[in-house]
Amino acid sequence: MLPKKVETILNEQILREDYSSQLYLSMASWAENNGFEGVSVWLYAQAEEERVHMLKLVRYINDRDGVAVIPGINTPPTDFGDIFVMFDQVLAHEKFISGSINEIVAMCIAENDFTTQNWIQWFVTEQIEEEASVKTIIDKLKLLGKNNLYMFDRDILSMRGGGSAAAE
Ligand code: OFO
């Protein structure tokens with residue numbers, strides 16, 4: 001049985017993961033419309049991953065005799081300025097998500113819910129990987145600069161294993 005406060009904070013995380021998925025979907029669409037095929041493939045895959053994170057939370061809450069609440073979500077922005085600004089936004093968002101996962105860990109400890117504390121470690125590790133992956137992309141962008149954005153886009157495409165079929 002989930003402590004009530006843990007159930008509440010996990011339900012709040014469902015909303016955040018769901019919004020992450022929609023945000024990256026919107027970014028993917030923007031990238032696709034602005035000539036960045038590789039970036040769009042990376043972001044479409046990222047949007048799928050965030051949806052899987054959301055579903056993990058839904059299943060876990062219900063498995064522990066809680067009630068998962070499926071939220072309505074805000075519409076994400078549709079224009080992200082340029083590719084440099086957009087990836088800074090991705091990193092800022094992932095840091096925000098890491099902070100919210102840490103708050104869940106702290107709540108589990110406060111409520112003596114060591115089962116959820118153990119379960120949520122998967123998300124802790126995932127966030128380390130996601131932040132590192134976005135930082136790598138930002139480093140590449142800085143190295144290549146504005147004159148080599150086509151090469152940058154090809155490079156990001158290879159991070160998701162190939163051509164446009166990966167987005168289908
Ligand atoms: Fe990258 O956010 Fe999910 O956990």
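Every heavy atom of this structure was used, including side-chain atoms; hydrogens, water molecules and symmetry mates were not. Just follow the structure's listing: the first ligand is 1, and inside any ligand the first atom is 1. Here the structure is a predicted model, which is why all the values come from computation and not from measurement.
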(request) Could you tell me whether the side chain of Leu43 reaches within less than 4.5 Å of the side chain of Trp30, counting heavy atoms only? (result) no

(message) For residues 55-68, which residue pairs pass the salt bridge (Lys or Arg N to Asp or Glu O under 4.0 Å) check, not counting sequence neighbours?
(response) Arg64-Asp113

(message) Show the nearest heavy-atom pair for residues Leu23 and Pro77, with the distance to one decimal.
(response) CD1-CD, 4.0 Å

(message) Below 2.8 Å, which protein N, O or S atoms neighbour atom 3 (Fe) of ligand 1, ignoring water?
(response) Glu17 OE1, Glu50 OE1, His53 ND1

(message) Checking the side chain of Ser21 only, and the main-chain atoms of Asp18 only, is there a donor and an acceptor separated by less than 3.5 Å?
(response) no

(message) Would you say Glu32 and Tyr44 are linked by a side-chain donor-acceptor pair, where the criterion is simply a distance under 3.5 Å?
(response) yes

(message) What is the name of the N/O/S atom of Glu94 that is nearest to atom 1 (Fe) of ligand 1?
(response) OE1

(request) Take Glu48 and Arg51 through the salt bridge (Lys or Arg N to Asp or Glu O under 4.0 Å) test and state the conclusion after the steps. (result) CA-CA 5 Å; Glu48 287 295 314; Arg51 183 167 167 78; 5.9 Å; no

